[in-house]
K.L.:
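Dropping the structure in here first, questions after.
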2 protein chains.
Amino acid sequence: MRAPSPGRPARADALRNYEHIVETAREAFAERGPEVSLNAIAQRAGIGAGTLYRHFPTREALIEAVYRSDIAALTDRAAELAAAHDPLAALESWVREQLVPAQQRPGIATTLKDALARAPEAFSLSKERFNQAADSLVRSAQAVGAIRQDVETRDILRMAAGIATSSEGDPAACKRMLTILFDGLRPAG
Amino acid sequence: MRAPSPGRPARADALRNYEHIVETAREAFAERGPEVSLNAIAQRAGIGAGTLYRHFPTREALIEAVYRSDIAALTDRAAELAAAHDPLAALESWVREQLVPAQQRPGIATTLKDALARAPEAFSLSKERFNQAADSLVRSAQAVGAIRQDVETRDILRMAAGIATSSEGDPAACKRMLTILFDGLRPAG
DNA sequence: ACCTGAACACCGTTCAAGT
DNA sequence: ACCTGAACACCGTTCAAGT
């Protein structure tokens, strides 16, 4: 069993198609949501359906390519915050101001959920790096005793995802739930 | 604009079809998940697709009918727990032992999410009653100061839904997240 | 090597025709 | 009144045929 390896192709014309599909999909996801028909994306990009499917064997693969740069930005931002603030402030700021807003954009929640589920297999470098960045923030906060020891990084990511996706269009509710989450993360009394 | 009113029909043959569709759908959802084709359900029930669509104009309506009794059981259980325990124990027991396990069954999470979103319009009695039961548990716990005042019932339901659906197949993670939730619900310090 | 686009087996949904 | 089931416009996916 070989890995799907959805890498960028080498030949110039194939690479052009690949990039063009990703850009077209980005527009289509933004306009119509992440459930938009793949045939429609192919047609809009002016290429055959088979070309889309060879480059991106699953819808997931296409979504991943579209949001790869966003995942990378989240990863970079985590490192910046860790360098500039104390561990708890860095973690809280990252979740509240970067992760949750990102997950409220269509498509990216799916990607991050997938990152969380599959990263152990390390099939995608950007997802692996994302998980490591999140884990680093959490471990640092635990190391200084700012949050409880009996929590795992994926618990926080999952709860943040649940809050982000369930509070669509209600920022006040989102803030309330995040406050509950972070109060619940305090060291057990 | 008239309400869809997906009530049970009066004529005996139509009622028989209605009930048979619900039972067939219940089996199909359990076996194949809540995304199973409606045409497949109709065929399996031995009725025409049009009959299914007249009784249940949307997939949501069919799911609602299938899980109506489960919603009612959850509602009843809330009242029982409120009568038998102190408010915090009742709320915590209800969420941990009834609500979250229920949401982990396929289909019912969708129904409860819908209940939460639409209950203000009170278009379905069982959903309205469910929300009132949950609200009663939360208000009682707030009245005795057992949980924070600045939380709304729907925040708790949403977070519980997020935890239930994101922790599939990992009971230990589910327990950890529920502990974070309930610690976060303590009166603000 | 890579691409096209017709073709396949599906899907949700509708509606003329039946009883 | 209620039901049937063919028909419509789609969907994801594949693959022979081209370049």
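The sequence lines fix the lettering, A, B, ..., with proteins before strands; numbering per chain opens at 1. Atoms considered below: every heavy atom in the structure, side chains included; atoms not considered: hydrogens, waters and symmetry mates. From a predicted model like this one, the values you see are computed outputs, not experimental measurements.
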K.L.:
May I ask you to say whether A:R77 pairs ionically with A:E97, meaning some side-chain N is under 4.0 Å from a carboxylate O?
P.N.:
no
K.L.:
Need one value for B:A40: base, sugar-phosphate or nothing, where a base atom within 4.0 Å counts as base even if backbone is also close, heavy atoms only.
P.N.:
nothing
K.L.:
Verify the contact: side-chain N or O of B:R59 to OP1 or OP2 of C:dG12, cut-off strictly under 4.0 Å; return yes or no.
P.N.:
yes
K.L.:
Nearest 0.5 Å, what's the OG-CZ distance between B:S37 and B:R32?
P.N.:
11.0 Å
K.L.:
Regarding A:T51 and A:N17, is there a side-chain donor-to-acceptor distance under 3.5 Å anywhere?
P.N.:
no
K.L.:
Kindly say if A:R54 contacts the phosphate of C:dC3, meaning a side-chain N or O under 4.0 Å from OP1 or OP2.
P.N.:
yes
K.L.:
Can a salt bridge be assigned to the pair B:R59 and B:E35 using a cut-off of 4.0 Å between side-chain N and carboxylate O?
P.N.:
no
K.L.:
Which nucleotide, D:dT13, D:dC2, C:dG12, lies nearest any side-chain atom of B:Y53?
P.N.:
C:dG12
K.L.:
Paired with C:dT4 by Watson-Crick or G-U wobble geometry, both distances under 3.5 Å: which nucleotide is it?
P.N.:
D:dA16
K.L.:
So if I take every side-chain heavy atom of A:A49 and compare against D:dC3, C:dG12, D:dT14, which nucleotide ends up nearest?
P.N.:
D:dT14
K.L.:
For A:A14, which contact category applies under a 4.0 Å heavy-atom criterion: base, sugar-phosphate, or nothing?
P.N.:
sugar-phosphate
K.L.:
Side-chain N or O of B:H55 less than 4.0 angstrom from OP1 or OP2 on D:dC2?
P.N.:
no
K.L.:
Taking only N and O in the side chain of B:N39, is any of them less than 4.0 Å away from OP1 or OP2 of C:dT13?
P.N.:
no
K.L.:
Would you classify B:T51 as touching base, sugar-phosphate or nothing, given that sugar-phosphate means primed atoms plus P, OP1 and OP2, and contacts are heavy atoms under 4.0 Å?
P.N.:
base
K.L.:
Starting at the 5' end of DNA chain D and moving along, which residue's nearest nucleotide shows up first, A:G50 or B:G50?
P.N.:
B:G50
